[in-house]
Amino acid sequence: MQSNKINAAITAVGMYVPEKVLDNHYFEKIVETNDEWIKARTGIKERRIIENGATSDLAFRAAEDLFKTTTVKPEEIDLIIVATVTPDMFFPSTACLVQSKIGADKAWGFDISAACSGFLFGLDAAARFVESGVYKKVLLIGADKMSAITDYTDRNTCILFGDGASAVLIEPADDKTTGYIDSILRIDGSGKDALNMKAGGSLNPATYETIDKKWHYIYQDGKAVFKVAVKGMADVSVEIMEKNNLKSEEIAYLVPHQANLRIIDATAERMGISKDKVMINIDRYGNTTAATIPLCLTEYYRAGKIKKGDKLILAAFGAGYTWGASYLIWSID
Ligand code: COA
């Protein structure tokens, strides 16, 4: 008997990265660091920075790129979800700003604040909305202008981040053997002291003092986060494989959040996945927070490296702490 269950699937992708490139040598001039250290400790060679514009502009360009590839029109979108930790402003949400920029006249929407796990959390929400049958076309965008909250005098963090955005369209899958299958998602607020932006919210509203203390920039205890990120991302990735009886040789790609190549390598090793089956863009874009995973998906798809039916594991770890892994079967020909 044919199941009536609706399977949600990614049916179109789009991306935008700014033109301006900051390579590692640029940072040698502004802080005490060097290209070799950055490449060896993080895997990053360069990152993109937006010169004019905000996160909604990055998101808009990614959506515009997506709409060039599908017959679906902005006015048909039911719901817009933007995953970001760098919204243009506290309110309105970036989803509202994107709605008016693309002319999605029938849509409602909201932002998700889950840092580097934002795209995974957004994907799960989008898929469940579609599976419910209530919504048919959800636009999910991972977008961050990390340069807006980066302290370019702090060598511990400034070398890590870049700006970018990527959009996916989620619709009911035509073919029920493909689409969004499963996820394991977690949060743990005890991570708040290791990775945060302290000021600007209701706890520490902006004052001269918060500015003097540089509390409007990213703070990260890199060593502490590194340890929990390696364990957290690898644990859920292995758990989702076991839960779905997936052997490593069946997985076409691991699509990891791009914070540090060493965290990615450790996760792949625990899953028994070889390096050629791990999507990477950290070398060219650094950590673009909510955008890293959909940027990987868009670039690998456009390069012809993923095909319909491929089994993918998406995995992320970020501020919160937030982390998780998702299993999907690629749906676009
Ligand atoms: N250039 C040169 N040296 C640097 C440097 C830089 N850009 N940044 C830090 N260092 C120094 C440190 O000051 C430290 O010096 P010390 O031993 O004299 O104090 C030394 O390098 C080693 O620092 P450490 O923190 O041990 O480096 P690391 O190997 O942990 O790498 C990170 C630092 C930030 C790259 C790494 O910790 C990391 O990736 N953390 C997790 C990131 C993450 O997953 N975040 C979650 C999502 S955003």
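Atoms within each ligand, like the ligands themselves, are counted from 1 in listed order. FYI, the numbering just counts along the sequence from 1.
- For atom 19 (O) of ligand 1, the nearest protein heavy atom lies 4.0 Å or farther away.
- Taken from OG1 in T86 to CE in M146, the straight-line distance is 6.5 Å, to the nearest 0.5 Å.
- Closest to atom 26 (O) of ligand 1, if we only count protein heavy atoms, is K223 CE, 2.8 Å.
- Considering backbone and side-chain atoms together, R155 places an N or O closer than 3.5 Å to an N or O of ligand 1.
- Of the protein's non-hydrogen atoms, the one nearest atom 46 (C) of ligand 1 is V225 CG1, 3.6 Å.
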Could you check T210 against H216 for side chain to side chain donor-acceptor pair (under 3.5 Å), going step by step and ending with a plain yes or no?
CA-CA 7 Å; T210 61; H216 300 266; 2.8 Å; yes

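- When all heavy atoms of T298 and G14 are compared, the pair lying nearest together is OG1-O, 3.7 Å.
- The nearest protein heavy atom to atom 14 (C) of ligand 1 is not closer than 4.0 Å.
- Within the 4.0 Å cut-off (strictly below), a protein heavy atom is located near atom 8 (N) of ligand 1.
- A heavy-atom separation below 4.0 Å is not found between I38 and ligand 1.
- Atom 21 (O) of ligand 1 has as its closest protein heavy atom W37 CZ2, 3.4 Å.
- Interface atoms of ligand 1 facing C116, defined by a heavy-atom separation under 4.0 Å, are 47 (C), 48 (S).
- For ligand 1, the atoms closer than 4.0 angstrom to any heavy atom of T33 are 1 (N), 2 (C), 6 (C), 7 (N).
- Of the protein's heavy atoms, at least one falls inside 4.0 Å of atom 37 (O) of ligand 1.
- For T42, no nitrogen or oxygen atom sits less than 3.5 Å from a nitrogen or oxygen atom of ligand 1, counting backbone and side chain alike.
- Near I263, meaning under 4.0 Å from one of its heavy atoms, ligand 1 places the atoms 44 (O).
- Considering only non-hydrogen atoms, atom 39 (O) of ligand 1 lies nearest to N260 out of I218, V85, N260.
- Residues T84 and D144 bring a donor and an acceptor atom of their side chains to less than 3.5 Å of each other.
- On a distance-only criterion, H257 and ligand 1 share no N/O pair closer than 3.5 Å.
- Proximity of F226 to ligand 1, defined as any heavy-atom pair under 4.0 Å, is shared by backbone and side chain alike.
- Panel note: side chain N7, backbone K176; a donor-acceptor pair is recorded below 3.5 Å.
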Could you go through the side-chain contact (heavy atoms from CB on, under 4.5 Å) check for D235 and R270 one step at a time?
CA-CA 8 Å; D235 280 355; R270 276 273 306 278; 2.8 Å; yes

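- Aromatic ring pairs are classed by plane angle as parallel below 30°, tilted from 30° to 60° and perpendicular above 60°; the pair Y135 and W108 is tilted.
- Ligand 1 has an N or O atom lying under 3.5 Å from an N or O atom of G222, backbone or side chain.
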So W330 and Y301, side-chain contact (heavy atoms from CB on, under 4.5 Å) or not? Walk me through it.
CA-CA 10 Å; W330 193 249; Y301 169 66; 3.4 Å; yes

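- In the vicinity of N287, heavy-atom distances shorter than 4.0 Å reach the ligand 1 atoms 48 (S).
- Side-chain contact, D175 with T178: no donor N or O sits under 3.5 Å from an acceptor N or O.
- The pair D124-R128 meets the salt-bridge criterion, with a side-chain N (NZ, NE, NH1 or NH2) lying under 4.0 Å from an Asp/Glu carboxylate O.
- Atoms of ligand 1 lying under 4.0 Å from any heavy atom of N156, numbered from 1 in the order shown and given with element: 8 (N), 9 (C), 13 (O).
- For the pair K145 and D88, the salt-bridge criterion is not met [side-chain N within less than 4.0 Å of a carboxylate O].
- Counting atoms of ligand 1 from 1 in the listed order, those under 4.0 Å from a heavy atom of R262 are 28 (P), 29 (O), 31 (O).
- The structure places CD of E249 at 11.0 Å from NZ of K311, a figure rounded to the nearest 0.5 Å.
- Short contacts between ligand 1 and F317, defined as distances under 4.0 Å to a heavy atom of the residue, involve ligand atoms 47 (C).
- If you chain together hydrophobic residues whose side chains sit under 4.5 Å apart, F27 and V21 never meet in one group.
- Taking only non-hydrogen atoms, the option from E28, Q220, K227 nearest to atom 45 (N) of ligand 1 is Q220.
- Backbone and side-chain nitrogen or oxygen atoms of R41 are examined, and one is located within less than 3.5 angstrom of a nitrogen or oxygen of ligand 1.
- Ion pairing between a basic and an acidic side chain is recognised when a charged N comes within 4.0 Å of a carboxylate O; D265 and R262 show no such pairing.
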